[in-house]
Amino acid sequence: MLTGNREFNESYENYKNLILRTAYTYSGNREAAEDITQETFLKLYIGYDSMKKENIPSWLYTTAKNMALNYKKKAKWEVLAMDDDESAVPEPGTKSTEDEYLGDELKREQNVLYKKISEEMNKKNPRWYEAMVLVYYMDMPQVKVAELMGVNLRTLHSLLHRAKNWIKKNYKAEYEEMNRED
């Protein structure tokens, strides 16, 4: 059935971490990301012989991204019986110092701001969001990102530059206020 077993294994080794990070980034759930990664590579395995080998990286990325977005959309409608983050509840009898509390509070505020920026950027321009996630969150080389997104390197630089300027314009004051020393 599969003529390029060695080639498939190489593709798996080369891209498994990228696909896992992609699935996690878009789904927000580690277990789901692992399942999505397995399912993505299963689909690749089944259709490997008929696929153009130069299209494999972008096909894997797009497939994992779409599966993760579908997972996230489905998960929004599910009603959870228990709170997933039981670690957020402190154990009885433990007390946090004021500094630890303030540090934790700052991290929570930063996470809220980062999430807000990400969601708004994705609404404003999904291409900016995708470029920023791949380059800065997933730490992929820009040449590879440009290839995955189907743009040249100059266009990718333009997308990143515009995204950064948009963030500065819309969130600079909030970020500076959150990080100022009293």
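Computed over heavy atoms, backbone and side chain alike; hydrogens, waters and symmetry mates excluded. Heads up: numbering here begins at 1 and tracks the sequence. Here the structure is a predicted model, which means the values were calculated and not measured.
Atom CD of residue Glu147 and atom CD of residue Glu54 lie 9.5 Å apart, to the nearest 0.5 angstrom. Going from atom CE of Met132 over to atom CG of Asn122 covers 12.5 Å, rounded to the nearest 0.5 Å. Here CD of Glu13 is found 10.0 Å from CZ of Phe8. Values are rounded to the nearest 0.5 Å. Here Tyr129 contributes atom OH and Ile117 contributes atom CD1; the two are 12.0 Å apart, rounded to the nearest 0.5 Å. One distance of note links CG of Leu60 with CE of Met51; it measures 7.0 Å at 0.5 Å rounding. Summarising the geometry, atom CD belonging to Glu7 is positioned 6.0 Å from atom NZ belonging to Lys53; distances are rounded to the nearest 0.5 Å.
Closest heavy-atom contact between Trp166 and Met121: CH2-N, 3.5 Å. Shortest non-hydrogen contact noted between Ile36 and Ala64 is CG2-O, 3.8 Å. For the residue pair Ser27 and Ala68, the shortest heavy atom distance occurs at N-CB, 3.7 Å. A pairwise comparison of heavy atoms in Leu156 and Gln142 identifies CD2-O, 3.2 Å as the closest pair. Across all non-hydrogen atoms, the minimal contact from Val143 to Leu153 is N-CD1, 4.0 Å. Between Lys16 and Thr37, the shortest heavy-atom contact is O-CG2, 4.2 Å.
Hydrophobic clustering keeps Ile56 apart from Leu20 (ILVMFWY residues linked when any side-chain heavy atoms are closer than 4.5 Å, directly or through intermediates). Residues Tyr114 and Val112 do not share a hydrophobic cluster, defined by chaining ILVMFWY side chains whose heavy atoms lie under 4.5 Å apart.
If you check the side chains of Asn55 and Ser58, you find no donor sitting under 3.5 Å from an acceptor. Between the side chains of Lys144 and Tyr61, no donor-acceptor pair of N or O atoms lies under 3.5 Å.
Taking 4.5 Å as the limit, some side-chain heavy atom of Trp59 sits within range of a side-chain heavy atom of Lys43. Between Asn170 and Glu120, the closest side-chain pair of non-hydrogen atoms is not below 4.5 Å. Contact check for Tyr15 versus Phe41: side-chain heavy atoms found under the 4.5 Å cut-off. Considering only heavy atoms from C-beta on, Tyr45 comes within 4.5 Å of Asn5 through its side chain. A heavy-atom distance below 4.5 Å is not found between the side chains of Thr155 and Met149. Using a 4.5 Å heavy-atom threshold, the side chains of Asn125 and Arg162 count as separate. For the pair Tyr136/Leu160, a side-chain contact is recorded, criterion being any heavy-atom separation below 4.5 Å from C-beta on.
Taking 4.0 Å as the cut-off between side-chain N and carboxylate O, Glu34 and Arg30 count as a salt-bridged pair.
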Starting from the C-alpha separation in whole Å, work towards a yes-or-no answer on salt bridge (Lys or Arg N to Asp or Glu O under 4.0 Å) for Lys123 and Glu119.
-> CA-CA 6 Å; Lys123 286 179 191 172; Glu119 289 173 353; 5.9 Å; no

Report the C-alpha distance between Val151 and Arg127 in whole Å, list the side-chain angles of each, state the deciding distance to 0.1 Å, and finish with yes or no for side chain to side chain contact (heavy atoms under 4.5 Å, CB included).
-> CA-CA 11 Å; Val151 299; Arg127 303 274 295 168; 2.9 Å; yes

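Within the 3.5 Å criterion, the main-chain N or O of Leu18 finds a donor-acceptor partner in the side chain of Thr22.
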